[in-house]
Amino acid sequence: MSNDFVQYLNSLHNGSASNQNAIAEMQIASPYFASIQVKRRIVSFLKKKIENKEFVILTGHAGDGKTTLLAQVLEELGRSQSKLKDLDTVDCGFQFHYVKDFSELTRAEQIQELKQCFGFNGASLIIANTGPLLNAFKALTGKEGIESELLEAMDSSAGEEINITELGKVFILNIARIDNTDFIRPFISNLIADAHWTACKNCPASNNCPVLFNQQILKENTDRAISFIKNSYVWLQEYDRRATIRQITAHLTYAMTGGLS
């Protein structure tokens, strides 16, 4: 007997070549995503920014959860999060324009999107890796020192609004500066929820299954286990080896299954 949820967990790590759901767009489309996703506290903050019709840029490392944050903001605004387009303008009672991956655009398209967002009569959100963002702003403005101004804003853990001469205001938030260890407790709690393990508990091999054993031992020692795991990631973070959300997800799902089905 097999459990499709265990197969799903195995698609979130790179213990084998079948990790298709490690990419946010694929994971969001999975029927299991809603039951394990962690609603980040920053979503409410971003929602307010969007409702105030501001221009927001999210940057950070690959795997920091920027695309998932966009999906959760859309859901909070009453829009579907299951099918994100590369870029789109949606009606949320006001016009909301977003760019899912600024880095995938050509330089000309990047410059055009920046111009559109600064002049947009509504809310805008761009998700961008740091390098392409700095280069596009430099090409757009021709301003000496624009990179230093942007990097200074990105260094703030609370984000910072800057005013680009002749263009307007933009709020920049670097997700890599945010403590993501608060993700661990709710994520593990979602992983071990009994609803996902019914098929395993009805399996004739359940008494000999190491995957089910891991779920059960975590259920019996939840607080102790989560405290140890979270402290491990805090230690890494303090020594400048911060793990991204994608890395934490891969670590914990592999720890649960060992790649077994």
Verify, without hydrogens or angle tests, whether [X] (side chain) and [Y] (backbone) share a donor-acceptor contact under 3.5 angstrom.
{"X": "Tyr98", "Y": "Lys85", "answer": "yes"}
{"X": "Ser189", "Y": "Arg185", "answer": "yes"}
{"X": "Ser232", "Y": "Phe228", "answer": "yes"}
{"X": "Asn10", "Y": "Thr257", "answer": "no"}
{"X": "Glu109", "Y": "Thr106", "answer": "yes"}
{"X": "Asn221", "Y": "Ile217", "answer": "yes"}
{"X": "Ser156", "Y": "Ala153", "answer": "no"}
{"X": "Asp91", "Y": "Gly93", "answer": "yes"}
{"X": "Asn3", "Y": "Phe5", "answer": "yes"}
{"X": "Asn129", "Y": "His61", "answer": "no"}

Between [X] and [Y], is any side-chain donor less than 3.5 angstrom from a side-chain acceptor?
{"X": "Glu113", "Y": "His97", "value": "yes"}
{"X": "Thr130", "Y": "Thr59", "value": "yes"}
{"X": "Gln95", "Y": "Asn121", "value": "no"}

Which pair of heavy atoms, one from [X] and one from [Y], lies closest together, and at what distance?
{"X": "Pro186", "Y": "Val38", "value": "CG-CG1, 3.6 Å"}
{"X": "Ala199", "Y": "Ser2", "value": "CB-O, 4.4 Å"}
{"X": "Ala71", "Y": "Leu84", "value": "CB-CD1, 4.2 Å"}
{"X": "Ser261", "Y": "Gln7", "value": "CB-NE2, 3.5 Å"}
{"X": "Gly60", "Y": "Asn174", "value": "CA-OD1, 3.4 Å"}
{"X": "Phe96", "Y": "Ser124", "value": "CE1-C, 4.2 Å"}

Problem - Criterion side-chain contact (heavy atoms from CB on, under 4.5 Å) on Leu87 and Asp101, from CA distance to verdict - result: CA-CA 8 Å; Leu87 54 90; Asp101 194 342; over 6 Å; no
Charged N to carboxylate O under 4.0 angstrom, [X] versus [Y]?
{"X": "Lys143", "Y": "Glu149", "answer": "yes"}
{"X": "Glu75", "Y": "Lys39", "answer": "yes"}
{"X": "Lys201", "Y": "Asp194", "answer": "yes"}

Exercise for the section: Taking the six-membered ring for Trp and the single ring otherwise, decide whether the centroids of Tyr233 and Phe183 are under 6.0 Å apart. Expected result: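 Not under 6.0 Å, so no.
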Problem - Ring centroid separation Phe118 to Phe55 under 6.0 Å - result: yes
Exercise for the section: List the steps and the verdict of side-chain contact (heavy atoms from CB on, under 4.5 Å) for Arg40 and Asp182. Expected result: CA-CA 9 Å; Arg40 309 292 300 280; Asp182 62 346; 4.0 Å; yes
How far does [atom1] of [X] sit from [atom2] of [Y], to the nearest 0.5 angstrom?
{"X": "Glu160", "Y": "Leu150", "atom1": "CD", "atom2": "CG", "answer": "10.0 Å"}
{"X": "Thr253", "Y": "Ile188", "atom1": "OG1", "atom2": "CD1", "answer": "11.0 Å"}
{"X": "Leu140", "Y": "Gln112", "atom1": "CG", "atom2": "CD", "answer": "10.0 Å"}
{"X": "Glu166", "Y": "Thr141", "atom1": "CD", "atom2": "OG1", "answer": "10.0 Å"}
{"X": "Gln237", "Y": "Asn231", "atom1": "CD", "atom2": "CG", "answer": "12.0 Å"}
{"X": "Lys66", "Y": "Ile127", "atom1": "NZ", "atom2": "CD1", "answer": "7.0 Å"}

Indicate if [X] and [Y] have the same hydrophobic cluster label, given that clusters are the connected sets of ILVMFWY residues with side-chain heavy-atom separations under 4.5 angstrom.
{"X": "Phe187", "Y": "Val234", "value": "no"}
{"X": "Ile36", "Y": "Val6", "value": "yes"}
{"X": "Leu133", "Y": "Val56", "value": "no"}
{"X": "Ile229", "Y": "Tyr254", "value": "no"}
{"X": "Leu173", "Y": "Ile245", "value": "yes"}

Are any of the side-chain heavy atoms of [X] and [Y] separated by less than 4.5 Å?
{"X": "Ile126", "Y": "Cys117", "value": "yes"}
{"X": "Cys200", "Y": "Asn202", "value": "no"}
{"X": "Ile175", "Y": "Asn180", "value": "no"}
{"X": "Lys53", "Y": "Phe94", "value": "yes"}
{"X": "Gln37", "Y": "Gln72", "value": "yes"}
{"X": "Phe45", "Y": "Arg41", "value": "no"}
{"X": "Pro210", "Y": "Leu260", "value": "yes"}
{"X": "Ile248", "Y": "Leu252", "value": "yes"}

Handout entry: Option among Arg242, Arg246, Gln247, Arg177 that satisfies the side-chain hydrogen bond (donor to acceptor under 3.5 Å, both in side chains) test with Asp64
Key =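 Per the side-chain hydrogen bond (donor to acceptor under 3.5 Å, both in side chains) rule, the option paired with Asp64 is Arg242, out of Arg242, Arg246, Gln247, Arg177.
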Exercise for the section: Kindly check if the number of other-residue, nucleotide or ligand heavy atoms within 6.0 Å of CD (Glu152) is above 12? Expected result: no
Problem - For Lys47, side-chain contact (heavy atoms from CB on, under 4.5 Å) partners two or more places apart - result: Glu51, Glu76, Leu77
Practice task
Apply the test side-chain contact (heavy atoms from CB on, under 4.5 Å) to residues Leu191 and Leu218: give CA-CA distance (whole Å), side-chain angles for both, the deciding distance (0.1 Å), then the verdict.
Solution key: CA-CA 10 Å; Leu191 290 185; Leu218 279 171; over 6 Å; no
Practice task
Output, in order, the C-alpha distance, side-chain angles, deciding distance and verdict of side-chain contact (heavy atoms from CB on, under 4.5 Å) for Ile162 and Ile164.
Solution key: CA-CA 6 Å; Ile162 61 175; Ile164 308 294; 3.7 Å; yes
